[in-house]
2 protein chains.
Amino acid sequence: MTRLSTQERKEQIAIAILEIIGNEGLENLSMPALAKRLDIVPSALYRHFSSKEEMISAGLDLLRERIMGIFDQQESDSDDALEPLRRFLDLHRQFFHITTVFPRIAFSLADNETFDLRRQKMQRFHDTVLERISATLEKGRRNGQLRKNLDTSAAALSFWGILVSSTLRWFITGGDFDVEAYKKEAWDMFVRAVSI
Amino acid sequence: MTRLSTQERKEQIAIAILEIIGNEGLENLSMPALAKRLDIVPSALYRHFSSKEEMISAGLDLLRERIMGIFDQQESDSDDALEPLRRFLDLHRQFFHITTVFPRIAFSLADNETFDLRRQKMQRFHDTVLERISATLEKGRRNGQLRKNLDTSAAALSFWGILVSSTLRWFITGGDFDVEAYKKEAWDMFVRAVSI
DNA sequence: ACCTGAACACCGTTCAAGT
DNA sequence: ACCTGAACACCGTTCAAGT
């Protein structure tokens, strides 16, 4: 055990939360497992967060920052409005194990007070992502690259769905699935669906 | 408590498992909660199944039967090869709360022996669904309705992704999302993507 | 100010005993 | 043959005590 400042511990905990959920799933996220990874005792976690939910919440904040950071780097001056989305899809492989946290938590939700915090955080996160994608599509719609009657909100969710579907299949096959090949096909279908 | 034959109890348990997971999520599926619903004591469940995993597995078998049953009813003589898929998508609202079990379990999976049974069952299930969808698309490809170069496997996963994306958004918004409107848009995009 | 260790209620599972 | 009730190891959380 090494004594750390609350701020350092909180960060460390958020990072570990994402790693555990990403690699081992929500069901395997236990306070003993988390504490062991940081070389402290389970009850020590409660010095820094008031509950497991709060720790998950901190993990989601970190995830949002990371994902939005990647979106931010994809801004481009290209005439092709779809370019940032295609690049984001390409980069996805680099942060695949972190993004899996998103659907894992989304599909853990239920109409239950226990999940209120979790759900609110997810919604703000998802809204931010979808708005960013919609804005990109809107730009293409205005410059005539995409269909005039395109529902950019629905299209944004469909785009996000490419990542979700590929992760779903990856999980189900236990990793025996060519994610990149699928994303390529799905992207071609997406472009065909939204273009003029 | 009412004494039931093992066969009746097993069925009852599988049904209750789907209801609990569908409505309250995997995290809220506890043996006490399950037993209470059947008006027996938790340990009585182990007379009929050897573990919680086995019970989930029985739930998945039931889910597969139900979903494949619905697919079976959509066979049609129509010239339009996409017709069965469109009808399946329409019917989805009727069994929405049951289908949510599928992504819930899929995104609970991890590279871990604990999940081996769960994963195998999910894979067989998913393979069956995707093959059925692929076969439908293949028919349309042969009769010239769909693109010659269409990757029907990828397209099948994308079609399934429409259901998954809409469920994801439904969960995240806490039900404040027009699933039917989204499915309509996503279906139009899908048709555009696969058609000639 | 951060961490440990004992304690408690809850969950998955086992097993002996009831009918 | 099916169910109950006591028991055990494990998890989330609290709290008093250590440094």
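Quick caveat: nothing in here was measured; it's all calculated off a predicted structure. Lettering follows sequence order; numbering is per chain, from 1.
- Here the C1' atom of nucleotide C/dC11 and the CG atom of B/L26 are 15 Å apart, to the nearest Å.
- To the nearest 0.5 angstrom, B/I17 atom CD1 is 9.5 Å from B/L60 atom CG.
- The separation between B/Q7 atom CD and D/dA1 atom C1' is 15 Å, rounded to whole Å.
- In this structure, B/R9 does not reach the D/dA1 phosphate: none of its side-chain N or O atoms is under 4.0 Å from OP1 or OP2.
- If you take CD of B/E27 and C1' of C/dC10, they are 15 Å apart, rounded to a whole angstrom.
- With hydrogens and angles ignored, the 3.5 Å screen pairs no side-chain donor or acceptor of A/R64 with any backbone N or O of A/F125.
- Ion pair B/D127/A/R169 flagged as a salt bridge, since at least one NZ, NE, NH1 or NH2 atom sits closer than 4.0 Å to an Asp/Glu carboxylate oxygen.
- The base of C/dA1 lies outside donor-acceptor range of the side chain of A/R47, with no N or O pair under 3.5 Å.
- OP1 or OP2 of C/dC3 lies within a sub-4.0 Å distance of a side-chain N or O belonging to A/H48.
- Here the side chains of A/L146 and A/T152 are not in contact, with every heavy-atom distance at 4.5 Å or above.
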Return the polar atom pairs (N/O with N/O) between nucleotides 4-6 of chain C and the protein under 3.5 Å, or none.
{"unit_1": "C/dT4", "atom_1": "OP2", "unit_2": "A/V41", "atom_2": "N", "d": "2.8"}
{"unit_1": "C/dG5", "atom_1": "N7", "unit_2": "A/S43", "atom_2": "OG", "d": "3.4"}
{"unit_1": "C/dG5", "atom_1": "O6", "unit_2": "A/S43", "atom_2": "OG", "d": "2.4"}

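- Atom NZ in B/K52 sits roughly 17 Å away from atom C1' in C/dT14 (whole-Å rounding).
- Note: B/L45 CG to B/I13 CD1 = 5.0 Å, rounded to the nearest 0.5 Å.
- Rounded to an integer number of Å, the gap from A/E54 CD to D/dG12 P is 15 Å.
- In this structure, of C/dC3, C/dT13, D/dA1, it is D/dA1 that holds the atom nearest to the side chain of B/R3.
- Here A/L29 lies in heavy-atom contact (under 4.0 Å) with sugar-phosphate atoms only.
- Taking the six-membered ring for Trp and the full ring otherwise, the centers of A/F96 and A/H92 sit less than 6.0 Å from each other.
- Each of D/dC2, C/dC3, D/dC11 was ranked by its minimum atom distance to the side chain of B/S5; first place goes to D/dC2.
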task = Any chance you could encode DNA chain C as dot-bracket? Rule is Watson-Crick or G-U wobble with both distances under 3.5 Å; [ ] for pairs crossing earlier ones, | for another strand.
result = ||.|||||...|||||.||

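- For the pair A/E27 and B/R118, the salt-bridge criterion is met [side-chain N within less than 4.0 Å of a carboxylate O].
- Counted by atom type alone, A/S166 and A/K183 present zero donor-acceptor pairs between their side chains at under 3.5 Å.
- Between A/F95 and A/F88, the ring center distance clears the sub-6.0 Å criterion.
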